[in-house]
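Below is one structure, written out as structure tokens, with a few remarks after it.
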Amino acid sequence: MDGWDLSFLKGRWAEEPTPWDLRNRIKILLPEVLTMLDMGTGGGEFLRSLLPLPRNTTATEAYGPNVVVARDNLEPLGTEVIDTTNGPSLPFPKKRFDLVMNRHEAFEPADVFRILKDGGRFITQQVGGRDMMDINQLLQDNPHGLFDFYDKAFVMAQMKSAGFEIDEALEAFVPTHIYDVGAIVVMLKVTPWQIDDFSVDRYREPLRKIHELIQQRGRLTIGSHRFLIQARRS
């Protein structure tokens with residue numbers, strides 16, 4: 001898999017839209033932005049969807065294989081891609097950016113606050129700690145997530161402690177429809193924190209039961225945990 005492109009699962013794994021439109025929210029801000037950072041750009045797919053970009057746009061990526069893909073996608077547009085695989089996640093001076101955007105990338109609020117200009121904005125959409133827990137419940141005898149605590153309230157508290165003023169915060173469990181058990185296997189392979197001991201052999205029997213369930217119902221519907229926080233440095 002190149003970048004974070006899951007288009008090959010089209011028709012097999014279908015997540016309904018969030019109640020908010022992250023892309024539109026960012027595009028509304030762009031006319032006033034001179035310097036922008038995309039944290040954890042993946043293969044640069046989402047950033048490219050925001051064209052035209054501010055002239056001084058930078059992206060970071062911490063997963064080596066994705067860095068190559070992101071540079072191929074973004075450097076022709078004039079966007080520098082910084083490999084943070086073995087270094088600090090935000091290797092920038094204080095008050096560098098007007099806007100920092102973050103889609104599903106881990107972050108330290110104090111570090112983001114440090115690199116924002118006065119009046120700068122931070123907008124992030126995160127995957128919550130109870131994401132795909134319906135799958136855990138179907139596969140595990142004692143279902144649990146490694147990051148159950150990670151939700152809107154937890155991150156807002158951290159951001160306020162770092163100095164942010166919160167403009168808006170939203171949270172939702174988005175219906176996601178799964179049409180074959182192979183799509184579940186793919187997602188558990190690319191999100192190893194979801195079930196840390198997952199393998200097809202180890203979970204063969206519960207996977208078989210899910211397969212039979214999908215065959216009976218036509219699909220399996222689960223909840224994808226998402227939250228959005230829009231904030232600023234005053």
So which heavy atom on [X] is nearest to which on [Y], and how close?
{"X": "G44", "Y": "A70", "value": "N-CB, 4.2 Å"}
{"X": "A169", "Y": "K152", "value": "CB-CD, 3.6 Å"}
{"X": "G182", "Y": "R12", "value": "C-NH2, 3.6 Å"}
{"X": "I82", "Y": "P91", "value": "CG2-CG, 4.1 Å"}
{"X": "S89", "Y": "D111", "value": "OG-OD2, 4.0 Å"}
{"X": "P52", "Y": "L30", "value": "O-CD1, 4.1 Å"}

Output yes when a side-chain donor or acceptor of [X] lies under 3.5 Å from a complementary backbone atom of [Y], and no otherwise.
{"X": "T41", "Y": "G43", "value": "no"}
{"X": "T57", "Y": "L53", "value": "no"}
{"X": "T60", "Y": "L90", "value": "no"}
{"X": "T176", "Y": "A14", "value": "no"}
{"X": "D131", "Y": "H225", "value": "yes"}

Can you check whether [X] reaches [Y] side chain to side chain, under 4.5 Å on heavy atoms?
{"X": "L138", "Y": "D134", "result": "no"}
{"X": "M36", "Y": "T58", "result": "no"}
{"X": "L51", "Y": "L77", "result": "yes"}
{"X": "L116", "Y": "V100", "result": "yes"}
{"X": "F147", "Y": "V127", "result": "no"}
{"X": "H104", "Y": "Q125", "result": "yes"}
{"X": "Q194", "Y": "M187", "result": "no"}
{"X": "K27", "Y": "L50", "result": "yes"}

Give a yes or no on this: more than 12 heavy atoms of other residues, nucleotides or ligands lie within 6.0 Å of atom [atom1] of [X].
{"X": "K209", "atom1": "NZ", "answer": "no"}
{"X": "E108", "atom1": "CD", "answer": "no"}
{"X": "R208", "atom1": "CZ", "answer": "no"}
{"X": "E168", "atom1": "CD", "answer": "yes"}

Basic-acidic side-chain contact under 4.0 Å: [X], [Y]:
{"X": "D118", "Y": "K95", "result": "yes"}
{"X": "R103", "Y": "D38", "result": "no"}
{"X": "E15", "Y": "R226", "result": "yes"}

Test of understanding: clusters of I, L, V, M, F, W, Y form through side-chain heavy atoms closer than 4.5 Å, transitively. Do [X] and [Y] belong to the same one?
{"X": "W20", "Y": "L29", "result": "yes"}
{"X": "F8", "Y": "Y179", "result": "no"}
{"X": "L34", "Y": "L74", "result": "no"}
{"X": "I166", "Y": "L22", "result": "no"}
{"X": "V185", "Y": "W13", "result": "yes"}

Can you list the steps and then say if N102 with E105 is a side chain to side chain contact (heavy atoms under 4.5 Å, CB included)? CA-CA 6 Å; N102 177 315; E105 176 77 356; 3.5 Å; yes

Which residues share a salt bridge (charged side-chain N to carboxylate O under 4.0 Å, His left out) with R55, sequence neighbours left out: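 By the salt bridge (charged side-chain N to carboxylate O under 4.0 Å, His left out) rule, R55 matches no residue at all.
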
Which is it for F107 and V155 under the side chain to side chain contact (heavy atoms under 4.5 Å, CB included) test, yes or no, and what are the steps along the way? CA-CA 10 Å; F107 69 96; V155 176; 3.7 Å; yes

So F97 and N56, side chain to side chain contact (heavy atoms under 4.5 Å, CB included) or not? Walk me through it. CA-CA 9 Å; F97 297 102; N56 295 310; over 6 Å; no

Quick one: side-chain hydrogen bond (donor to acceptor under 3.5 Å, both in side chains) pairs with a partner in residues 71-84, sequence neighbours left out?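 Of all non-adjacent pairs touching residues 71-84, those that pass side-chain hydrogen bond (donor to acceptor under 3.5 Å, both in side chains) are D83-T85.
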
Within this structure, what is the [atom1]-[atom2] distance for the pair [X] and [Y], rounded to the nearest 0.5 Å?
{"X": "L47", "Y": "M39", "atom1": "CG", "atom2": "CE", "value": "13.5 Å"}
{"X": "M133", "Y": "S224", "atom1": "CE", "atom2": "OG", "value": "13.0 Å"}
{"X": "L99", "Y": "T35", "atom1": "CG", "atom2": "OG1", "value": "8.5 Å"}

Quick one, L220 with H177, criterion side chain to side chain contact (heavy atoms under 4.5 Å, CB included). Give me CA distance, side-chain angles, the key distance, then yes/no. CA-CA 6 Å; L220 173 68; H177 309 295; over 6 Å; no

Tell me whether R233 forms a cation-pi arrangement with F113, defined as NZ or CZ under 6.0 Å from the six-membered ring centre and within 45 degrees of its axis.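 Yes, a cation-pi geometry holds between R233 and F113.
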
Could you go through the ring-ring contact (aromatic ring centres under 6.0 Å, His included) check for Y150 and F227 one step at a time? CA-CA 10 Å; Y150 193 71; F227 60 93; 5.6 Å; yes

With F164, which of R232, M159, Q230 fulfils side chain to side chain contact (heavy atoms under 4.5 Å, CB included)?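 For F164, the side chain to side chain contact (heavy atoms under 4.5 Å, CB included) check succeeds only for M159.
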
Classify the ring geometry of F198 against Y203: parallel below 30°, tilted from 30° to 60°, perpendicular beyond 60°.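 Answer is parallel, since the angle falls under 30°.
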
Would you please say whether a donor-acceptor pair under 3.5 Å links the side chains of S49 and R23?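 Result is yes, a qualifying pair exists.
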
